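What you see is a predicted model; the values in this text were computed from it and never measured. First listed ligand is number 1; within each ligand, the first listed atom is number 1.
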Amino acid sequence: MKIAVVGIGYVGLTTGICLAAIGHSVVCIDKNLKRINQLQNNQLPFFEPGLTEQYQSALKQHNFRVTKDFSDLSEAEAVFISVGTPTEETGESKLTYLIEAVRALLPYLKNNTLLIIKSTVPPGTSQMIKTLIESSHTKLDIHLVSNPEFLREGNAIYDFFNPDRIVIGLESPYAEKKMGEIYASFIENKIPVVVTNTQTAELIKYASNAFLATKIAYINEIANVCENINGDIETLIYGMGLDHRVGNQFLRPGPGFGGSCFPKDIKALAQFAKTQGSPLKIIEAVIKSNATRKTTMIQKIEKECGGSLHGRVIGILGLTFKANTDDVRESPAIDVISELLNKNAMVKTYDPLGMYNAKTILTSNQITWCKEGYEVAKDANALVIATEWEEFKALDPKKIKQLMETPVVLDFRNLLNEQLYKISGLHYQKIGG
Ligand code: UDX
Ligand code: UDX
């Protein structure tokens, strides 16, 4: 099928490339011309494991191209929209870009085109877009579809090809037929497809993300209890996770959840629910809990530095919001560094993929940008594991101890081997232990 994608960020580009790799003819557009130029020069604008291979496969099939001209989308039978839906000051989801994209598209759409909203939007947005199109007095019959994504950055290719389910909100049998064509290979592989109305599909996305964020905030608070009773969070998670009703996924304690989705989506959902007269007290508590998590992390570092961070050298390993991505949006590591700088600490840091993006946010001259982990440890008063990069597990604790000013390691991801670090003479502290 001829498919267009408007907004080729982490979600839109991954979706466009993978749809092309499975045989659809895909054309993508984005208002960020730098991104378009990068792709026209065969460069991917961000890192996502496995995306290069899918991109090469799509190019080999001549199924994928990018354009700067909306008129190039006129042949599309289905248009995915995955433009940014950032958070307004009020917490509400900013739909300006979505509306701008639809208005830019409208003159070029042909009759019976599917307009498929993949961006995370408040329930009712598809209906709002439908009304907007009708009020433009177009003669066209445009089919609105909600098709939220569940792609985890760093796992997006796997998640695209192995979804637990495909969620589709629609209003017409024609749209259902066409969506069946788009996802034919998934349907053949018996992937469950949830077909409902658009507002329910939109809410499934928010409710899923909010539930996952709740699990994370929950285990982070339980980790606090473990620390007070000398309990062990890892055994607790194992003991909880064996209950199939609980499951052990999304129960990893850490410095709080970040990324471009959870923080934004739970605020948007909470704000939306409030405007609907059904406030979500639990989600409001999760928002507060995650916000205070960063303060808790700073307090841990401050305590290990004798109560003051002034002039201390703190090594931060990891800048991205999670491993296997270059994305630093809403990264707890960035928040921790910002607070350390406010408290007049000196920071040394390294991340395998996040340095470039982090430097666009952190500009202080109190930061030393290092090339690898040992350089971060050298002369540090405390070394913090902020992101669970596999390569940090290869660091030699004995060498770490020799290099540090004071041998304190705070593992905010419970990534390292606790015994090994302790027998190497390091004062090692994990989360929840
Ligand atoms: C985005 C939404 O933010 C998220 O809510 C949704 O779940 C999926 O799409 P992501 O892909 O991570 O997530 O966002 P981002 O990486 O910021 O990409 C958005 C893209 O849209 C960017 O390339 C941006 O340039 C583009 N865009 C934004 C447009 O093409 N037009 C606009 O008006 C605004
Ligand atoms: C999330 C959802 O998982 C995905 O379905 C949705 O489409 C987009 O948002 P993403 O934000 O890319 O994906 O990453 P995810 O793996 O969910 O992690 C989000 C944050 O939670 C990260 O900061 C991560 O470090 C943190 N996290 C995740 C934990 O602290 N503990 C966990 O057990 C899992």
Report task. Take Lys178 and Glu77, measure what salt bridge (Lys or Arg N to Asp or Glu O under 4.0 Å) needs, and give me the verdict at the end. Result -> CA-CA 9 Å; Lys178 298 304 278 183; Glu77 298 166 76; 2.9 Å; yes
Query raised in the report: Hey, mind stepping through Glu48 and Arg152 against salt bridge (Lys or Arg N to Asp or Glu O under 4.0 Å) and telling me if it holds?
Result: CA-CA 10 Å; Glu48 179 62 48; Arg152 291 165 296 162; over 6 Å; no
Report summary line: Note: ligand 2 atoms sitting under 4.0 Å from heavy atoms of Leu251 are 33 (O)
Query - Where ligand 2 meets Phe262 - atom numbers and elements under 4.0 angstrom, heavy-atom basis - result: 1 (C), 2 (C), 3 (O), 9 (O), 17 (O), 19 (C)
Report task. Using distance alone, determine whether Arg152 and ligand 2 share an N or O pair under 3.5 Å. Result -> no
Query raised in the report: Under 3.5 Å, N or O to N or O, is Phe257 touching ligand 2 that way?
Result: no
Query raised in the report: Taking it one step at a time, do Arg252 and Glu234 satisfy salt bridge (Lys or Arg N to Asp or Glu O under 4.0 Å)?
Result: CA-CA 9 Å; Arg252 295 295 319 142; Glu234 298 302 333; 3.1 Å; yes
Requested in this report: Using only heavy-atom distances, determine whether the side chains of Glu88 and Gln271 contain a donor-acceptor pair under 3.5 Å.
Outcome: no
Query - Atom CD1 of Ile282: over 12 foreign heavy atoms under 6.0 Å - result: no
Query - Residues that Phe257 engages under ring pair (Phe, Tyr, Trp, His ring centres under 6.0 Å), provided they are two or more places apart - result: Phe262
Query - Partner residues of Lys294 under the salt bridge (Lys or Arg N to Asp or Glu O under 4.0 Å) criterion, sequence neighbours left out - result: Asp335
Query - Check ion pair Lys430-Glu418 (N to O, under 4.0 angstrom) - result: yes
Query - Contact partition for Arg293 relative to ligand 2, non-hydrogen atoms under 4.0 Å - result: neither
Query raised in the report: How would you list, by chain and number, every residue that makes a side-chain hydrogen bond (donor to acceptor under 3.5 Å, both in side chains) with Tyr206, sequence neighbours excluded?
Result: none
Query raised in the report: So is Gln249 close enough to ligand 2, meaning a heavy atom under 4.0 angstrom away?
Result: no
Query raised in the report: If you count only heavy atoms, which residues are under 4.0 Å from ligand 1?
Result: Gly7, Ile8, Gly9, Tyr10, Val11, Asp30, Lys31, Asn32, Arg35, Ser82, Val83, Gly84, Thr85, Tyr97, Glu100, Ser119, Thr120, Glu149, Ser260, Lys264, Arg329
